[in-house]
J.: 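Shown below is the structure under consideration.
Proteins come first, then strands; the chains are lettered A, B, ... in the order of their sequence lines, and each starts at number 1.
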There are 2 protein chains.
Amino acid sequence: MTQADRARATSNDVAVLAGVSRATVSQVLNGHADRFAPQTAQKVTRAARQLGYQPSAAGRALRRGSSDFVLALIPNTTFGGNLQDWFERLTATLAAQGFTLVLGVTTASVDVLDRLVSQMQPAAVLAFTPFSAAERAVLARNGVVAVDPPSAARAGQDALIGRLQAETLISRGHRRLAFAHLADSRQDPFGAAREDGVRQAALEAGLPDIEVVGLAIHIDEALGALDRLRPPGIAIACYNDDVAISLMNAAQLRGWDVPGDVAVIGMDRTPVSQVTVPRLTTLEYDLSDAAATGAASVLRALGLEGEAPTPSASALRLVEGASV
Amino acid sequence: MTQADRARATSNDVAVLAGVSRATVSQVLNGHADRFAPQTAQKVTRAARQLGYQPSAAGRALRRGSSDFVLALIPNTTFGGNLQDWFERLTATLAAQGFTLVLGVTTASVDVLDRLVSQMQPAAVLAFTPFSAAERAVLARNGVVAVDPPSAARAGQDALIGRLQAETLISRGHRRLAFAHLADSRQDPFGAAREDGVRQAALEAGLPDIEVVGLAIHIDEALGALDRLRPPGIAIACYNDDVAISLMNAAQLRGWDVPGDVAVIGMDRTPVSQVTVPRLTTLEYDLSDAAATGAASVLRALGLEGEAPTPSASALRLVEGASV
DNA sequence: GGCGACGGTTGACACGTGGTAATGCGCGTG
DNA sequence: CACGCGCATTACCACGTGTCAACCGTCGCC
């Protein structure tokens with residue numbers, strides 16, 4: 001009732017209310033309740049709840065040398081709408097373990113990251129794309145745990161994406177397959193694994209090896225890439241929907257029919273991909289799966305519980321359009 | 001050279017190197033340098049620079065009750081334009097005043113914000129969209145400065161956007177103008193001001209009042225909205241590029257020529273907007289302007305220097321396509 | 001009955017900072 | 001020459017937390 005009425009309650013307030021010393025409060029609330037009599041621990045937890053006690057982040061950070069913040073570096077790509085979903089789930093999972101998620105942006109200069117990390121002293125830094133050497137140095141210098149994107153699981157997931165794209169194309173009768181990368185490799189961290197997934201599926205189906213192109217989101221590059229693939233009769237698995245839309249429009253400019261002459265499948269199911277003519281066939285990725293993976297990685301890196309989740313195709317859903 | 005070689009330097013390290021007491025260091029570095037002999041102050045600042053001294057955020061926060069973090073709440077909308085650029089500039093401006101920018105995401109539940117704010121005790125919270133009552137309550141309870149979006153400047157900027165869209169359409173000879181909102185008002189916080197901008201420009205040009213539609217990014221809604229505008233001979237200023245692309249594709253499905261029968265102008269210059277057929281005419285917004293506005297608002301709210309910047313059209317650039 | 005053992009609890013310290021009361025010093029004046 | 005006065009510098013405290021060594025009471029054992 002009077003919870004959180006006034007200023008923040010300190011561990012001393014809890015101690016007074018529970019009739020024990022502050023040291024007891026600290027130990028009970030930090031996982032050492034077994035050192036005390038059960039009724040003492042209960043008194044403490046009850047008092048803490050009654051006061052709505054939340055330990056001061058500043059005090060904790062000062063004493064322990066690192067905060068309870070987990071810094072997630074979001075890539076430069078535009079925010080998909082489902083980022084919010086991802087963020088909410090990761091926040092909830094980490095909050096259950098006492099961590100608080102905050103966001104940073106990966107910038108060209110590491111100075112920003114340096115300042116951010118040295119100020120916040122986060123418990124861990126999580127990224128989607130592999131850390132650069134400079135970034136890794138900054139993190140090491142500040143003694144911060146760097147949580148790499150779970151490359152194994154991630155690669156497995158990406159291979160699944162490529163495989164599913166290829167199988168969709170093959171099931172529609174296409175026999176000459178290609179993979180289209182996003183040219184800027186900085187924005188295409190998952191392309192290699194997806195390309196491999198497409199290749200594997202093609203080989204297993206007894207098709208010839210796939211062809212590979214790369215393009216930036218620019219109509220001239222899309223035209224060039226399409227010409228190199230020698231339509232008609234080409235089926236292209238694309239790194240993302242933007243690449244797919246670029247190629248689709250290039251095909252229209254060249255007078256090729258989609259999907260008759262050029263088949264295209266994307267990835268991400270961006271809103272725009274569902275208003276194109278023809279509507280884009282693409283894959284939707286349930287980010288809650290990625291959130292679980294990310295949270296597990298963080299917890300494991302911090303030495304807490306957390307099993308390595310296996311990549312599951314259940315997070316991938318085929319969005320049927322008319323481009324294959 | 002040996003700067004930042006090992007662990008963080010403390011104010012004590014600076015004091016030892018400068019040959020003074022720690023309190024002297026604190027006062028000199030906290031704006032009370034005039035209380036000391038010039039050469040003493042110089043010794044301190046020199047030693048601090050040599051060691052790369054940065055005061056511990058935890059220590060400061062513990063002592064002062066609030067941290068030097070500024071929390072920016074990014075809206076749920078797809079963040080058109082270059083978030084990275086905006087983030088970098090705002091970070092730089094705030095860093096010059098000793099503040100560090102971190103990002104949070106606005107979620108439906110305020111619990112996330114509550115936890116974030118109570119943990120971080122930020123110096124200020126900055127948002128793009130007006131705070132809800134619940135959010136404001138959370139901030140007030142935690143004694144945190146809430147920096148409202150500079151609605152006046154923001155509205156002025158949005159009015160400029162609408163005006164520029166309208167003027168572009170008018171200059172191409174279009175006489176029946178419309179504005180297309182994004183249906184989900186939660187994702188369309190700036191639509192009203194932009195619609196007004198279009199309307200004003202139309203009235204000043206002696207044209208009839210504009211028509212207004214709203215649509216989600218879905219082809220059926222786009223078709224419905226287009227039909228309500230009774231082509232041919234309609235020129236549509238759109239809330240963003242996604243809306244514009246949707247309407248362009250709807251026009252193609254209905255057999256209307258773009259821009260002959262239906263003219264469309266977007267906003268944001270998303271990558272995809274430049275590979276459409278025809279290429280979309282749109283506006284590009286230099287986010288550094290918004291960053292300057294945001295930074296000034298924060299500094300003013302914190303009682304520091306900062307003049308209110310006026311909205312300038314210089315931040316807006318017309319990207320010539322072939323859709324008008 | 002004395003002594004060691006042991007579980008339960010607590011005082012004391014350190015983390016790094018910012019501010020305030022007090023100290024030392026030098027210099028001018030009576 | 002002594003005294004006081006102003007100023008540069010210093011000692012100390014508080015912020016809230018986590019942890020360790022030390023303490024205390026009780027029990028078992030010889």
J.: Distance check needed: C:dG18 C1' versus B:Arg63 CZ, whole Å only.
T.: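 Distance check: B:Arg63 CZ to C:dG18 C1' gives 4 Å.
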
J.: Using the heavy-atom set of chain A and a strict 4.0 Å cut-off, write down the first and last nucleotide of DNA chain D that makes it in, 5' to 3'.
T.: D:dG16 to D:dC20

J.: To the nearest 0.5 Å, tell me how far B:Leu71 CG sits from B:Met120 CE.
T.: 4.5 Å

J.: Look at A:Arg64 and C:dC15 and indicate whether a side-chain polar atom (N or O) is within less than 4.0 Å of OP1 or OP2.
T.: no

J.: Holding to side-chain contact (heavy atoms from CB on, under 4.5 Å), I want the full list of residues that pass it with B:Arg60, two or more places apart in sequence or in another chain.
T.: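 Testing B:Arg60 for side-chain contact (heavy atoms from CB on, under 4.5 Å), a comparison that skips the adjacent residues, returns B:Asn30, B:Pro55, B:Arg64, B:Asp68.
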
J.: If you define the side chain from C-beta out and look only at heavy atoms, does anything of B:Val44 sit under 4.5 Å from B:Leu29?
T.: yes

J.: What is the distance from CZ of A:Arg60 to C1' of C:dA14, rounded to the nearest Å?
T.: 17 Å

J.: Return the residues of residues 112-124 of chain A meeting this criterion: a heavy atom under 4.0 Å from some atom of DNA chain C. Order them by number, or give none.
T.: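 Correct list: empty, so none.
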
J.: Using modelled atom types and a 3.5 Å cut-off, is there a donor and acceptor pairing between side-chain atoms of A:Thr24 and backbone atoms of A:Val20?
T.: no

J.: State the CZ-OG distance between A:Arg63 and A:Ser26, to the nearest 0.5 angstrom.
T.: 9.0 Å

J.: What's the spacing between A:Leu103 CG and A:Leu126 CG if we round to 0.5 Å?
T.: 9.5 Å

J.: Got a sec? Which of residues 22-44 of chain B come in under 4.0 Å of DNA chain C, heavy atoms?
T.: B:Arg22, B:Ala23, B:Ser26, B:Gln27, B:Asn30

J.: Please report how far the helix from C:dG1-D:dC30 to C:dG30-D:dC1 bends, comparing the axis fitted to its first five pairs with the axis fitted to its last five, to the nearest 10 degrees.
T.: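 Rounded to the nearest 10 degrees, the bend comes out at 80°.
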
J.: Between the main-chain N or O of A:Ala41 and the side-chain N or O of A:Thr45, is there a donor-acceptor pair closer than 3.5 Å?
T.: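 Looks like yes, one N/O pair under 3.5 Å.
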
J.: Taking the side chain as every heavy atom from C-beta outward, state whether B:Leu302 and B:Phe99 have any pair of such atoms under 4.5 Å apart.
T.: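 Yes. Closest side-chain heavy atoms under 4.5 Å.
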
J.: Restricting to side-chain hydrogen bond (donor to acceptor under 3.5 Å, both in side chains), what partner residues turn up for A:Thr100, sequence neighbours left out?
T.: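 Partners of A:Thr100 by the side-chain hydrogen bond (donor to acceptor under 3.5 Å, both in side chains) criterion, ordered by chain and then number, come out as B:Arg115.
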
J.: Once you round to the nearest 0.5 Å, how far does OH of B:Tyr53 lie from CG of B:Asp13?
T.: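 With rounding to 0.5 Å, OH (B:Tyr53) is 9.5 Å from CG (B:Asp13).
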
J.: Checking the side chain of B:Ser67 only, and the main-chain atoms of B:Ala61 only, is there a donor and an acceptor separated by less than 3.5 Å?
T.: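 Checking the backbone N and O of B:Ala61 against the side chain of B:Ser67, no donor-acceptor pair under 3.5 Å is found.
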
